[in-house]
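Just so it is clear: chains get the letters A, B, ... in the order the sequence lines come, proteins before strands, and each one is counted from 1. Quick note: numbers below take in every heavy atom, side chains included, and nothing from hydrogens, waters or symmetry partners.
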Number of protein chains: 2
Amino acid sequence: MASASVEDYLKAIYLLQTARTPATTRGLADGLGVRMASVTGMVKQLHAAGYVRHERYRGVQLTAKGRRLALRVLRRHRIIELFLSKVLGLPWDEVHEDAEALEHAASDRVIERLNTLLGSPAFDPHGAPIPHGDGTISPLNGRLLSDCEVGHRGRILCVSDKDPAFLRYLAGIGIRIGLRFRLVDKAPFDGPLAIHAGRKKIVLGHPAATRVLVSPP
Amino acid sequence: MASASVEDYLKAIYLLQTARTPATTRGLADGLGVRMASVTGMVKQLHAAGYVRHERYRGVQLTAKGRRLALRVLRRHRIIELFLSKVLGLPWDEVHEDAEALEHAASDRVIERLNTLLGSPAFDPHGAPIPHGDGTISPLNGRLLSDCEVGHRGRILCVSDKDPAFLRYLAGIGIRIGLRFRLVDKAPFDGPLAIHAGRKKIVLGHPAATRVLVSPP
DNA sequence: TTCCAAAATTAGGCTTGCCTAACTTCGTCG
DNA sequence: CGACGAAGTTAGGCAAGCCTAATTTTGGAA
Ligand SMILES: [Mn+2]
Ligand SMILES: [Mn+2]
Ligand SMILES: [Mn+2]
Ligand SMILES: [Mn+2]
């Protein structure tokens, strides 16, 4: 069985790759909160265990084996997050931290029971797709809110779950997963965006809009 | 925050003390599945951290601080066991192992939500009392089935949760927590016991009966 | 009372995963 | 080109927790 560290590294590599960012030593160190030297050390282990390919001074890439394990961990993480949110009623900005620990302690047996209890859900509380039990995952087909044109109609698909303060902010201004909206204004030079949702108008800055994924037109 | 190992050691010490067995190096090593030398090493740590008193070549005793933490861990363990059993429907012989890992990963926030979800239960699936949130615990007032006299009427109070095969055996012969029974026969020289429960007759050996706690007359 | 096996401890070693400090390599910009 | 800052790696170290082997202490049996 892989250690909690190995699981977290593979998950971090997968998430970087999925964001089409190369999984660099720097990126992993920042994402995992460790030093670059620690990443270099662990990458050697991951390579020796057959989880990744590594080209020195370039980044790292998951092998099929590594991807399989990364998706298993991600499935656990997201099912646990949804359980914490939907069944226990924890706010969406508090579930990630708990899930980060529980994902390494919950057996597959427990995860599959949770999955059943939740009705085999497709998305976690932040709108991210839950990998399937068979090792596949349905990719999100969306675009950044910041990339949309004025007039764009769609729904809020997914937001990053890493920053609790950001999630509280979003909740505070009324943005939640599934919300239908129309982009009504977009100031130039990366200025703020305005959307209509129902009869409410919501304004948010450009940097925030780069962290929100919405459905295509 | 104490490590998972420290938490398991304190829990093991507490359980030995509660069973009125002195918490010896041998007993801890057996209970935790490690070597005696490892126990000696950890006991030094626990002493340095103020969790236990230690008299060389004698056993170890929890301080107030150690007892507090032990009860917190035991509370987590038993709430998680009940959740796995009652909400997820895992059989009672499978919950201990999962709880042993989850007890170190679940935050107090999650535990208190689970406790609420379960209705602030008093007992875990094996009949053991769940320590309260304030650091107290209601002791079980029972006696071993093997110590009862023929004619004794009572209920099954609690069974050990450590041995899955034993739990499966008990379930197989129809023994479960809360079952009302009358002891109808007891062979001499540590022979088998027979109880009536409802219209069923259940026979079990003396060693098994020493692992079953029942209510006093 | 002595002796012996079990219990306990000490000594020393290993693995994992992190760190800092020193170095090498990369890629960009003047 | 050439140099310089960022990225990456190497070297060496540390803490936790486990191990085996050797030694010491204990307590009960002879
Ligand atoms: Mn998350
Ligand atoms: Mn994690
Ligand atoms: Mn248990
Ligand atoms: Mn445990």
Legend entry - Side-chain N,O (B:Arg35) to OP1/OP2 (D:dT20) below 4.0 Å: yes
Inset, instruction - For the pair A:Glu112 and A:Arg75, find out whether any cationic side-chain nitrogen is under 4.0 Å from an anionic carboxylate oxygen. - result: yes
Legend entry - Among C:dA21, D:dG27, C:dA8, the one nearest A:Ala37 by side-chain distance: C:dA21
Inset, instruction - Please state whether the phosphate of D:dC19, meaning OP1 or OP2, lies under 4.0 angstrom from any side-chain nitrogen or oxygen of B:Ser38. - result: yes
Legend entry - Gap between atoms CE and P, on A:Met36 and C:dC26 respectively (whole Å): 14 Å
Inset, instruction - From the options D:dC19, C:dT9, D:dG17, select the nucleotide whose nearest atom is closest to the side chain of B:Tyr57. - result: C:dT9
Inset, instruction - Name the closest nucleotide to the B:Met42 side chain, picking from D:dT9, C:dT20, D:dC18. - result: D:dC18
Legend entry - Nearest-neighbour nucleotide for the A:Thr40 side chain, D:dT20, C:dG27, D:dG8 considered: D:dG8
Inset, instruction - Tell me which nucleotide among D:dC18, C:dT20, C:dT9 gets nearest to the side chain of B:Val34. - result: D:dC18
Legend entry - Which nucleotide in C:dT9, D:dA7, D:dG17 has an atom nearest any side-chain atom of B:Ser5: D:dG17
Legend entry - Validation row, ring centre B:His77 to ring centre B:His96 under 6.0 Å: yes
Legend entry - Among D:dA16, D:dC18, D:dT20, the one nearest B:Tyr9 by side-chain distance: D:dC18
Legend entry - Output field: ring centroids A:Tyr51/A:Tyr14 closer than 6.0 Å: no
Legend entry - A:Ser3 side chain near C:dG17 phosphate (N/O to OP1/OP2, under 4.0 Å): yes
Legend entry - Side-chain N,O (A:Lys44) to OP1/OP2 (D:dT10) below 4.0 Å: yes
Inset, instruction - Name the residue closer to the 5' end of DNA chain C, choosing between A:Gln45 and A:Arg58 according to the nucleotide with the nearest heavy atom. - result: A:Gln45
Legend entry - A:Asp8 CG - C:dC18 C1' separation (whole Å): 14 Å
Inset, instruction - Quick one: do B:Asp8 and B:Glu100 satisfy side chain to side chain contact (heavy atoms under 4.5 Å, CB included)? Show the steps, please. - result: CA-CA 8 Å; B:Asp8 280 337; B:Glu100 200 57 58; 2.8 Å; yes
Inset, instruction - Give A:Thr25 one of three labels, base, sugar-phosphate or nothing, depending on what nucleic acid heavy atoms sit under 4.0 Å from its own. - result: sugar-phosphate
